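Just so it is clear, the model here is predicted, and its values are computed rather than measured. Both counts, for ligands and for their atoms, begin at 1 and track the order of listing. The figures here come from the full heavy-atom set of this structure, side chains too, leaving out hydrogens, waters and symmetry mates.
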Amino acid sequence: MQTALADFVRETSEGREADAILRKCVHCGFCTATCPTYLLLGDENDGPRGRIYLMKQALEGHPITDRTRLHLDRCLTCRACETTCPSGVQYGRLLDIGRKLVEEKTARPIEESVKRRLIAEALPRRWLFGFLLLLGRLARPLLPPGLAGKVPASIPGAGPRPAPRHARKMLALAGCVQPSLSPDINAAAARVLDRIGISLVETPGAGCCGALRFHLGYQERGLADMRALIDAWWPRVLAGAEAIVMTASGCGAVVKEYGHLLRDDPAYADKAAKISAMTRDISEVLADEIERFAPMPGGGRLAFHPPCTLQHGLRVRGATEKILARAGFELTPVPDAHLCCGSAGTYSILEPELAERLKANKLAALASGEPEQIVSANIGCLAHLQTGTSLPVKHWIVALEARLGESVIMAPASPGSAT
Ligand code: SF4
Ligand code: SF4
């Protein structure tokens, strides 16, 4: 595609990046077939090709309107279009640049701005989100049914965490909302890894990964969150941590991009690149160790929902399925597994109608194989899906640990293990 970027952006780092991305797009439209919002709304401007054209116009200096912002707001950032694109168009990066520009050049209605600001202030602060969740749970019996259904009735217990005792050490990200909504996830990951000779350590002071504010339009604040997290991790990286393990693929997809997002910051560029290189999804870590688990029959029927951030963002495919099959689970077929469930960070709060439709479609697909439980790999998807089904929805590492507790026989520990 030919481009003629406007003077205000042409010679900037973001302008050059956007230009290179736009030039790769041949406007073939293959991506529209896998775009969840295009499939729901049938509007070219609610598909990737249309949005790319809107962003091109904005970058070329054409007027940016509320309609431009509406169509970009409706995008889930699921990046299914990237997976489909034969030309390698990095739509997600273009969207970051386009959204920043649209945020600068348009004014949101006041109620929208307030809502976004409240989310950006509350969710990344672990203590504040935990407090608000507690209030919500106490008030749950008094809430209207629609709202009460969004507040979890119970929070699973974390159980004991193993003390760090192995030579192999990996860092875990506690994250912002996950410790309050599902403290069992990182605890289960720590116990599973402990059994194969890896100590999983959380770092005090390590907060939000920055994705939430960055994708809400507060990009500078998101970058500040990223720098703060790098600062918190860095002493442990220097002390020899082997990897940074993500149990929320949404966070993992962003931490994997730290090196790119902070490439122009001389104080952080090298550290950010190192952090990104060390980051691995928990499924990648365990897939490498899977032969140390004896195969087990009879785990029951289970449907796996691979989050968009796992399959399209991180491009990790098949690892979780391999682990679950080894643990004896029968994975039920799930049609249209590439489509988003509608959670998408804060999308389910900001675009509730579309999110509900996507959730209903996803749950119907997940239930079609008659599973006994649903598992996924990102706290947002888990919480979102659980509000629409009576089937248990949990992180796959929690389901795996329950199986290991029964009967898996461990092979001898690897060299370097203290067990
Ligand atoms: S983003 Fe890729 S698939 Fe979509 S229109 Fe452009 S080249 Fe085609
Ligand atoms: S990121 Fe997802 S919702 Fe957005 S244009 Fe691409 S496929 Fe569509």
task = For the pair Asp73 and Arg116, find out whether any cationic side-chain nitrogen is under 4.0 Å from an anionic carboxylate oxygen.
result = yes

note = Residue, atom and distance of the protein heavy atom nearest atom 2 (Fe) of ligand 1 read Cys85 SG, 2.3 Å

message = Please determine whether a side-chain nitrogen of the Lys or Arg among Arg23 and Asp19 lies less than 4.0 Å from a carboxylate oxygen of the Asp or Glu.
response = yes

Nearest-neighbour protein heavy atom for atom 4 (Fe) of ligand 1, which is reported as residue plus atom name and distance = Cys31 SG, 2.2 Å

request  = May I ask you to identify the nearest protein heavy atom to atom 3 (S) of ligand 2, giving residue, atom name and distance to one decimal place in Å?
outcome  = Leu76 N, 3.4 Å

request  = Taking only heavy atoms of Thr37 into account, list the atoms of ligand 2 that are under 4.0 Å away from them.
outcome  = 3 (S)

request  = With heavy atoms of Cys75 as the reference, note each atom of ligand 2 found under 4.0 Å away.
outcome  = 1 (S), 3 (S), 4 (Fe), 5 (S)

note = The protein heavy atom nearest to atom 5 (S) of ligand 1 is Gly29 N, 3.2 Å

task = Mark up the atoms of ligand 2 that fall under 4.0 Å of a heavy atom belonging to Arg51, in ascending order.
result = 3 (S), 4 (Fe), 5 (S), 8 (Fe)

ask   = Is Thr32 touching ligand 1 with its side chain, its backbone, both, or neither, if touching means heavy atoms under 4.0 Å apart?
value = neither

Residues Lys150, Glu356: salt bridge by 4.0 Å N-O rule = yes

query = Is there a heavy atom of Pro86 sitting under 4.0 angstrom from any atom of ligand 1?
reply = yes

inquiry  = Under a 4.0 Å threshold between the charged nitrogen and the carboxylate oxygen, would Arg301 count as salt-bridged to Glu330?
reply    = yes

query = What protein heavy atom is closest to atom 6 (Fe) of ligand 2, reported as residue, atom name and distance in Å?
reply = Cys81 SG, 2.4 Å

task = Check ligand 1 against Ser87 and write out every atom of the ligand that is under 4.0 Å from a heavy-atom position of the residue.
result = 7 (S)

task = Output the list of atoms in ligand 2 that are nearer than 4.0 Å to some heavy atom of Cys35, sorted by atom number.
result = 3 (S), 5 (S), 7 (S), 8 (Fe)

query = Roughly how far, to the nearest 0.5 Å, is NE2 of His305 from OG1 of Thr320?
reply = 11.5 Å

inquiry  = Below 2.8 Å, can you find an N, O or S atom of Cys78 next to atom 2 (Fe) of ligand 2?
reply    = yes

Ligand-residue contact atoms, ligand 2 with Arg79, heavy atoms, under 4.0 Å = 1 (S), 2 (Fe)

message = Counting only heavy atoms closer than 4.0 Å, does ligand 2 sit against the backbone of Tyr38, its side chain, both, or neither?
response = neither

query = Of the non-hydrogen atoms in Ala122 and Leu132, which two are nearest, and what is the gap between them?
reply = CB-CD1, 3.9 Å

request  = Mark up the atoms of ligand 1 that fall under 4.0 Å of a heavy atom belonging to His27, in ascending order.
outcome  = 5 (S), 6 (Fe)

key: Lys/Arg N to Asp/Glu carboxylate O, Glu353 vs Arg357, below 4.0 Å   = no

key: Within reach of ligand 1, part of Cys25 (heavy-atom separation under 4.0 Å)   = both

ask   = Is the shortest distance from a Lys or Arg side-chain nitrogen in Arg10 or Asp7 to a carboxylate oxygen in the other one below 4.0 Å?
value = yes

message = Please find the pair of heavy atoms, one from Ala325 and one from Leu331, that lie closest to each other, and give the distance.
response = N-CD1, 4.1 Å

Ligand 2 versus Thr77: contacting region, heavy-atom distance under 4.0 Å = backbone

task = Check Val254 against His215 and note the closest heavy-atom contact, atom names and distance.
result = CG2-CE1, 3.8 Å

request  = Determine, for Tyr347 and Lys359, whether the Lys NZ or Arg CZ falls below 6.0 Å from the six-membered ring centre while staying within 45 degrees of the axis.
outcome  = no

message = Looking only at protein heavy atoms, which one is nearest to atom 1 (S) of ligand 1, and what is the separation?
response = Ile52 CD1, 3.6 Å

ask   = Who's the nearest protein heavy-atom neighbour of atom 7 (S) of ligand 1, and how far?
value = Val26 N, 3.3 Å

inquiry  = Return the SG to CD1 distance between Cys25 and Ile52, rounded to the nearest 0.5 Å.
reply    = 4.5 Å

task = Among all protein heavy atoms, pick out the one at the shortest distance from atom 8 (Fe) of ligand 1; state its residue, atom name and that distance to 0.1 Å.
result = Cys28 SG, 2.3 Å

message = For a 4.5 angstrom cut-off between non-hydrogen side-chain atoms, does Leu76 reach Leu358?
response = yes

